[in-house]
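As the structure is a computational prediction, the values presented were derived from the model and not from experiment. Remember, it's 1-based here, ligands and their atoms both numbered in the order they're listed.
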Amino acid sequence: MSVLGKDFLWGGAIAANQVEGGYDTAGKGLSLVDLLPAGEARKAPLFNPAKGLNNSFDFYPSHQSIDFYHRYEEDIKLFAEMGFKALRFSISWPRIFPHGDETEPNEKGLAFYDKVFDTLEKYGIEPIVTINHFDTPYYLAEIYGGWYNRKTVDFFLNYATVLFNRYSHRVKYWITHNEINMILHIPYIGGGLIIQENDNKNQIMYQAAHHQLIASSLATKIAKEIDETNQIGCMLAAGDVYPNTSHPDDVMAALSKNREQYIFIDVQSRGEYPSYSKRMFEDLGVFIEKQTGDDEILKTYTVDYISFSYYSSRLESGNKEINKNKEAGNAFASLKNPHLEASNWGWQIDPVGLRVTMNQIYDRYQKPLFIVENGLGEIDKVEEDGSIHDTYRIKYLSEHLNQMIEAVKDGVPLLGYTSWGCIDLVSAVSGEMKKRYGYIYVDRDNKGHGSLNRLRKDSFYWYQRVIQSNGDNLSY
Ligand code: BG6
């Protein structure tokens, strides 16, 4: 008898801005990432005081990406072959509203997603739709200041309403914003924020975050009015922060760091800014400007479930000097945990941290959880016969799934598991192709060379067995 219920949603996750390509096809406007290069140059500030907006590079990885725009049928067929019950994908906002501030949607953009939904339906795969996955139209960023501008709330609601009206009969689980807390770490792709040197960064980021929170609540209201069966989720870039030592200062520092992520979900799930936010904002010199009725909106329209990504735990010290030794892992920086190994990109690997994180989140909110991202970005080697022996990925996933099941045994209700980048895609933070997460290999390199052919990795067959056994067989 499986620990997981028979309706457990096994699958994978992708995002429009990292797979589609077709960046200017059929009326699509520019996505935020369409102006970003790959590799080191991606880290350079987008705004250079001497030159203004930095937008001329030799190569933009998102322009073609893995060409899901033209190959979605082949890709979905491969997902079906693995036995996917669900696919988490996002709709590209600028494909539907090229600039973001139009009143009428781009019908050609919607027609593309109609076909994606048709194909998923053909294979019995349930769509889990992210409305905004790092994909605010670039025009809104440049002309309006992105989510810092309250008008973006209305533009988002206009867009979300179009999606709810058109697809509510096909989608049950919606996610409003991908990794809402990422606005603090990658404010450009998280919130369309082009922050300049002398700006009050915290003020801009938290005010923009408030607008995203309001937009999420109001989208929940609209979704329920259109179809009361719609289920709306928030999405957190999760990963518990551990204290560096048992020193009380480290414990306090870890608590504060955790609050930096939970503040968003406290609002979205409990319906109000938590009591600790008052001091936190004072210390940061942040003042959230609210409109009349905002508190009531947040209180009334909370989320139905909590989705999150988990790649690793983090480590924090109460000592500023020690914290200077933090290394990058995802967009988060963390101290090195001596008990953990790390990937080639320095992301620490902590399967037990997934169980800890799931328990923490559920203890805090008591709403169903959904793991909508987890996985290992690594370099894969294609053998002469086309096989790819990604045992490191299988090990990572198997150990995480094992801990996920432990958390379910602990009593955490879990709707499903969609691993990140089920097909190789362009990395969000580094823009590389070399950093691969997929069960399916895509022949394309960091410079955009390659046939774009798809190949099944060893993990493809392993995941097929996992799904087939409903998680009972994680062996490798
Ligand atoms: C999450 C994002 O932060 O992590 C994804 O939701 C992203 O969009 C994923 O791709 C992995 O990060 P990266 O930088 O390795 O692509």
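Close approach of ligand 1 to V429 (heavy-atom distance below 4.0 Å) involves ligand atoms 14 (O). With ligand atoms numbered from 1 in the order given, ligand 1 contributes 13 (P), 14 (O), 15 (O), 16 (O) to contacts under 4.0 Å with heavy atoms of S427. Taking a cut-off of under 4.0 Å to the non-hydrogen atoms of Y437, the atoms of ligand 1 that pass are 11 (C), 12 (O), 13 (P), 15 (O). Heavy-atom proximity to K435, at under 4.0 Å, picks out these atoms of ligand 1: 13 (P), 14 (O), 15 (O).
Every heavy atom of W345 sits 4.0 Å or more from the atoms of ligand 1.
Salt-bridge formation is detected for the pair K257/E260: a Lys NZ or Arg NE/NH1/NH2 atom is positioned less than 4.0 Å from an Asp or Glu carboxylate oxygen.
Residues L9 and Y417 have side chains not in contact (no heavy-atom distance under 4.5 Å, counting atoms from C-beta outward).
Distances between N or O atoms of L425 and those of ligand 1 include no value under 3.5 Å. Note: no N/O pair closer than 3.5 Å links S430 and ligand 1 by distance alone. Considering backbone and side-chain atoms alike, W347 places every N or O at 3.5 Å or more from each N or O of ligand 1. Ligand 1 has no N or O atom lying under 3.5 Å from any N or O atom of V426, backbone or side chain.
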Practice item. Could you please spell out the steps behind the side chain to side chain donor-acceptor pair (under 3.5 Å) verdict for Y476 and D458? Key: CA-CA 10 Å; Y476 56 93; D458 285 358; over 6 Å; no
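Using cut-offs of 30° and 60° on the angle between ring planes, the pair W10 and F8 is perpendicular. Classification of the Y396-H400 ring pair by plane angle, with boundaries at 30° and 60°, yields parallel.
Side-chain atoms of N446 come within 3.5 Å of backbone N or O of M433 as a donor-acceptor pair.
A side-chain contact (heavy atoms from CB on, under 4.5 Å) with S62 holds for exactly one of N17, V426, D34; it is D34.
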